[in-house]
S.K.: 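Encoded as structure tokens, here's the structure I'll be asking about.
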Amino acid sequence: VLSTCVPLEVPQSGLAFPDWAYKAESSPGSRQIQLWHFILELLQKEEFRHVIAWQQGEYGEFVIKDPDEVARLWGRRKSKPQMNYDKLSRALRYYYNKRILHKTKGKRFTYKFNFSKLIFVNYPLWDVPPSGQIRAPLFQALQTGGNSPCPEELAV
DNA sequence: CACGGAAAAA
DNA sequence: TTTTTCCGTG
């Protein structure tokens with residue numbers, strides 16, 4: 001699909017997440033959008049680059065550049081005008097135990113996705129879609145938990 | 001700011 | 001069950 005083994009400078013502009021990577025099914029009662037889904041959504045659009053963006057270097061790591069704005073957007077989506085970063089961040093912290101996210105200690109407003117968890121959440125066990133549908137870099141990141149650069153054992 | 005307990009809301 | 005709200009602690 002793509003070139004060979006593209007290193008980790010991937011989390012940038014063009015690379016969009018394959019929709020299956022974050023199509024939450026295990027949602028609350030109905031099919032309400034989940035926060036991590038929303039975050040991924042913003043991260044995917046360039047118009048929000050100044051509000052929230054991927055951090056160069058660590059795959060899956062992102063920085064909330066404008067906490068108030070992200071909270072406002074989230075609140076608008078959920079019809080919660082009183083949403084703020086304090087409350088939004090509490091929701092993010094609930095993801096720690098679920099292993100969807102974790103905090104990058106020392107770095108303000110910086111969190112990191114655990115992509116291997118996301119793929120697990122959406123694709124139980126070994127039910128992985130054919131690699132032909134995935135962008136190589138992301139696929140590798142997902143397969144390796146989002147940290148290892150250029151794994152060669154992927155050809156399995 | 002970041003964390004996590006509690007309880008309420010959805 | 002996930003998220004919202006509130007809040008004491010470090």
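Each chain gets a letter, A, B and so on, in the order the sequences are listed, and its residues count up from 1. Keep in mind that what you see is a predicted model, and the values were worked out from it rather than measured.
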S.K.: Is the phosphate of B:dC3, meaning OP1 or OP2, less than 4.0 Å from a side-chain N or O of A:Y96?
M.R.: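 Checking B:dC3 against A:Y96, a side-chain N or O does come within under 4.0 Å of OP1 or OP2.
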
S.K.: Does the gap between the ring centers of A:W36 and A:F113 come in under 6.0 Å?
M.R.: no

S.K.: Do you know which of A:L101, A:I100, A:L92 makes side chain to side chain contact (heavy atoms under 4.5 Å, CB included) with A:L35?
M.R.: A:L92

S.K.: So, is A:Y95 close to the C:dT2 phosphate, meaning a side-chain N or O under 4.0 Å from OP1 or OP2?
M.R.: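 Answer is no, no contact under 4.0 Å.
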
S.K.: Separation of A:L88 atom CG from C:dT4 atom P, in whole Å?
M.R.: 7 Å

S.K.: Can you figure out which of C:dT3, C:dT4, B:dA2 approaches the side chain of A:Y111 most closely?
M.R.: B:dA2

S.K.: Expressed in angstrom and rounded to an integer, what is the separation of A:H102 atom NE2 from B:dC3 atom P?
M.R.: 11 Å

S.K.: Side chain of A:K65, backbone of A:R49: donor and acceptor closer than 3.5 Å?
M.R.: yes

S.K.: Without decimals, in angstroms, what is the distance between A:K103 NZ and B:dA2 C1'?
M.R.: 7 Å

S.K.: Between C1' on C:dT9 and CZ on A:R90, what's the gap in Å once rounded to a whole number?
M.R.: 13 Å

S.K.: Give a yes or no on whether a salt bridge exists between A:E41 and A:R77, defined as a side-chain N under 4.0 angstrom from a carboxylate O.
M.R.: yes

S.K.: Could you check A:N97 against A:Y85 and say which one's nearest nucleotide on DNA chain B is further toward the 5' end?
M.R.: A:Y85

S.K.: Quickly work out the A:K80 NZ to B:dA8 P distance and round it to whole Å.
M.R.: 15 Å

S.K.: Using a heavy-atom cut-off of 4.0 Å across all strands, would you classify A:K105 as base, sugar-phosphate, or nothing?
M.R.: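 Nothing, no heavy atom under 4.0 Å.
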
S.K.: Relative to the 5' end of DNA chain C, which residue comes earlier, A:K98 or A:K87, by the nucleotide with the nearest heavy atom?
M.R.: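 The residue whose closest nucleotide sits nearer the 5' end is A:K98.
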
S.K.: Would you kindly give the CG-to-P distance between A:L92 and B:dG4, to the nearest whole Å?
M.R.: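 In whole Å, B:dG4 P and A:L92 CG are 13 Å from each other.
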
S.K.: How close or far is atom C1' of B:dC1 from atom CD1 of A:I64, stated in whole angstroms?
M.R.: 12 Å

S.K.: What nucleotide among C:dT5, B:dA2, C:dT2 has an atom nearest to a side-chain atom of A:F109?
M.R.: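 Of the options given, the side chain of A:F109 lies nearest B:dA2.
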
S.K.: C:dT4 phosphate, OP1 or OP2: any side-chain N/O from A:K78 under 4.0 angstrom?
M.R.: yes

S.K.: OP1 or OP2 of C:dT2 sitting under 4.0 Å from any side-chain N/O of A:W36?
M.R.: no

S.K.: Specify whether A:F62 and A:W54 have parallel, tilted or perpendicular ring planes, treating 30° as the upper limit for parallel and 60° as the lower limit for perpendicular.
M.R.: perpendicular

S.K.: To the nearest angstrom, how far is A:N84 atom CG from C:dT3 atom P?
M.R.: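 Checked: the CG to P distance equals 16 Å.
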
S.K.: Can a donor-acceptor pair under 3.5 Å be found between the side-chain atoms of A:Y94 and the base atoms of B:dA6?
M.R.: yes

S.K.: With heavy atoms under 4.0 Å as the rule, sort A:L35 into base, sugar-phosphate or nothing.
M.R.: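 Sugar-phosphate: the residue A:L35, judged by heavy atoms under 4.0 Å, touches backbone atoms but no base.
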
S.K.: Hey, can you tell me if A:F109 and A:Y85 have their rings parallel, tilted or perpendicular (30° and 60° cut-offs)?
M.R.: perpendicular

S.K.: Let's test your reading of the model: under 3.5 Å, does the base of B:dG5 pair with the side chain of A:R93 as donor and acceptor?
M.R.: no

S.K.: Quick one: label A:F38 by what it contacts on the DNA or RNA (base, sugar-phosphate, nothing), any heavy atom closer than 4.0 Å.
M.R.: nothing

